[in-house]
Amino acid sequence: MVSTELLSAHILSSFVVVAGTITLFQLIAVLQRKLNAIWLQPMLISILVIIAILLWQDISFENYFSNSWLLNALLEPAVVALGFPLYQHLETITKQWKSIILVLFIGAFIAISTSFVITMLLIGDYTIAVALSLKSVTTPIAIAIAGQLDGNTAITAFAIILAGFFGALVGPPWLKFIKVKSPKAQGLAIGAASHAIGTATVSNISYEHAAYSSLALIVSAVITALISPFMITFLAGLI
Amino acid sequence: MIAFKKKTFKVLYSIFALFSCVALGKLCSYFVPVLPSSLYGLIIFTLTLHFRLFNADHIKSTVVWCLKHMGVCFVPAGVGIINHFELIKQFGLTIIAITFATTFILLTIVGLHYQRYAVDEE
């Protein structure tokens with residue numbers, strides 16, 4: 001009897017948390033469209049509002065996270081759905097695979113080396129330097145590599161979210177500013193720098209953005225998984 | 001009524017397609033643990049559409065809707081920053097500055113280089 005009551009209480013609180021998160025997200029999305037304000041990014045503002053509510057009501061993150069299980073369960077099919085825009089542009093992409101791999105290889109190489117060296121010079125902590133070197137890669141891969149290379153996984157997770165939001169929010173206007181106007185180049189750059197968060201955001205701009213961003217997300221993750229162990233060991237030996 | 005039935009069929013068909021690719025992705029990740037299961041799933045979904053194992057016309061409307069609203073799924077994980085307040089207090093500003101600067105560098109390099117290559121190829 002007690003367990004049935006507990007179960008129904010859990011179902012009710014899960015419903016409130018999931019419905020509340022979705023409603024908040026949609027309200028901000030409507031507001032963003034009405035005000036035409038790029039900074040009013042629904043994902044970021046929802047996170048900030050929920051953090052404020054949790055702190056105000058003294059609710060633990062674990063409690064909120066366990067009640068939002070439905071949204072977490074949908075995360076994986078949502079990432080899989082990015083295969084659709086990729087399929088639609090597969091023909092064009094296969095024609096340009098050499099330049100795509102070359103550009104993303106250069107990107108991953110520079111991202112790992114600059115982040116590692118700058119962090120070692122400014123903070124001087126190897127575990128944080130590893131964490132920041134992996135921030136442009138999708139969370140599951142970055143956390144696995146960070147663990148393998150003795151990096152700080154908590155900072156890796158934090159830096160991944162930061163990089164995701166920076167690219168998602170500032171990426172499109174910045175790329176326009178430096179005259180990178182092609183949707184392919186914009187999608188590729190944002191997927192490489194801001195992984196799934198960036199891809200989810202630019203998917204709203206156009207299908208081409210979504211396709212190239214998904215592609216960069218996959219290819220960059222594979223390249224980083226392959227080269228980062230060698231690069232980080234080499235750079236750590238130099239500094 | 002017929003339109004409603006067609007729509008329901010397309011939604012169910014898309015859910016089946018997506019979740020079978022999620023399951024196959026999990027299987028691949030279990031046997032070849034190089035990539036996370038969602039990325040295997042993404043690749044499998046692309047291939048099944050390319051080789052017409054699933055009908056893209058039936059899937060399109062549901063997936064477009066999913067892509068438009070997928071951002072909400074990242075919210076709970078993002079709220080996880082709340083657990084790293086201590087680390088953020090200690091190194092926060094430097095970490096933010098480095099992440100910001102290097103993300104800009106990466107965006108600029110990939111964007112500019114690819115635009116140049118793409119223009120050359122076209």
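Only a predicted model underlies this, so the values are computations on that prediction, with no experimental measurement involved. Just so it is clear: chains get the letters A, B, ... in the order the sequence lines come, proteins before strands, and each one is counted from 1.
Looking at L47(B), there are no atoms closer than 4.5 Å to chain A (heavy atoms on both sides), in backbone or side chain. With a 4.5 angstrom heavy-atom cutoff, S115(A) touches chain B via backbone and side-chain atoms both. Looking at V75(B), both its backbone and its side chain come within 4.5 Å of chain A, counting heavy atoms on both sides. The contact between A56(B) and chain A is made by backbone and side chain atoms together, counting heavy-atom distances below 4.5 Å. Heavy atoms closer than 4.5 Å to chain A are found in the side chain of I105(B), but not in its backbone. Interface residue Y87(A): backbone and side-chain heavy atoms are both found under 4.5 Å from chain B. Using a 4.5 Å cut-off between heavy atoms, L82(A) touches chain B through backbone and side chain atoms alike. For S194(A), the part sitting under 4.5 Å from any heavy atom of chain B is the side chain, from C-beta outward, and nothing else. Contacts between I178(A) and chain B at a heavy-atom distance below 4.5 Å involve backbone atoms as well as side-chain atoms. If you measure heavy-atom distances from A225(A) to chain B, you find no contacts under 4.5 Å at all. Of the atoms belonging to S37(B), heavy atoms from both backbone and side chain fall under 4.5 Å from chain A. Only the side chain of K26(B) has a heavy atom closer than 4.5 Å to any heavy atom of chain A. Heavy-atom distances place no part of T48(B) under 4.5 Å from chain A, backbone and side chain included. For I128(A), the part lying under 4.5 angstrom from a heavy atom of chain B is the side chain only. Interface remark: Y64(A) contributes side-chain atoms only to the contact with chain B (heavy atom separation under 4.5 Å). Contact annotation for V170(A): only side-chain heavy atoms (C-beta onward) come within less than 4.5 Å of a heavy atom of chain B. Contact of L132(A) with chain B is made through the side chain alone, with heavy-atom distances under 4.5 Å. For I106(A), the part lying near chain B is the side chain, with the backbone staying farther off; criterion is any non-hydrogen pair under 4.5 Å. Using a 4.5 Å cut-off between heavy atoms, L54(A) contacts chain B through its side chain alone, with no backbone atom that close. In this structure, the portion of L104(A) lying under 4.5 Å from any heavy atom of chain B is its side chain and not its backbone. Looking at A196(A), both its backbone and its side chain come within 4.5 Å of chain B, counting heavy atoms on both sides.
Side-chain N or O atoms of Q115(B) include one that pairs as donor or acceptor with a backbone N or O of K179(A) at under 3.5 Å. Judged by distance alone, with hydrogens and angles left aside, the side-chain atoms of S203(A) form a donor-acceptor pair with the main-chain N or O of T199(A) at under 3.5 Å.
Applying the ring-ring contact (aromatic ring centres under 6.0 Å, His included) test to pairs two or more places apart or on separate chains, those with a residue in residues 170-196 of chain A are W174(A)-F177(A), W174(A)-F104(B).
No more than 12 heavy-atom neighbours from other residues, nucleotides or ligands sit within 6.0 angstrom of CZ on F109(A). Remark: F16(B) CZ is loosely packed, at most 12 non-hydrogen atoms of other residues, nucleotides or ligands lying under 6.0 Å away. The environment of CD in E91(A) is sparse: at most 12 heavy-atom neighbours from other residues, nucleotides or ligands sit within 6.0 Å.
Across all non-hydrogen atoms, the minimal contact from C73(B) to L74(A) is SG-CB, 3.9 Å. When all heavy atoms are compared, the tightest approach of P77(A) to V22(B) is CA-CG2, 3.8 Å. Between V72(B) and L71(A) the shortest heavy-atom distance is O-CD1, 4.2 Å. Here the shortest heavy-atom pairing between A221(A) and L39(B) reads CB-CD1, 4.0 Å. Of all heavy-atom pairs between F165(A) and I47(A), the closest is CZ-CD1, 3.6 Å. Scanning all heavy atoms of the two residues, the minimum distance from Y114(B) to A185(A) falls at CD2-CA, 3.7 Å.
For the options G41(B), G25(B), A97(B), heavy-atom pairs under 4.5 Å to chain A are most numerous at G41(B). Annotation: maximal heavy-atom pairing with chain A below 4.5 Å, among T103(B), L18(B), T99(B), occurs at T99(B). Options L217(A), I155(A), I50(A) differ in how many heavy-atom pairs under 4.5 Å they form with chain B, and the most are formed by I155(A). For the set T108(B), I59(B), I44(B), the entry with the most heavy-atom pairs within less than 4.5 Å of chain A is T108(B).
Under the rule for a side chain to side chain contact (heavy atoms under 4.5 Å, CB included), the partners of I15(B) that lie at least two apart in sequence or sit in another chain are V11(B), F19(B).
Between H69(B) and F25(A), the distance separating the two ring centers is not shorter than 6.0 angstrom.
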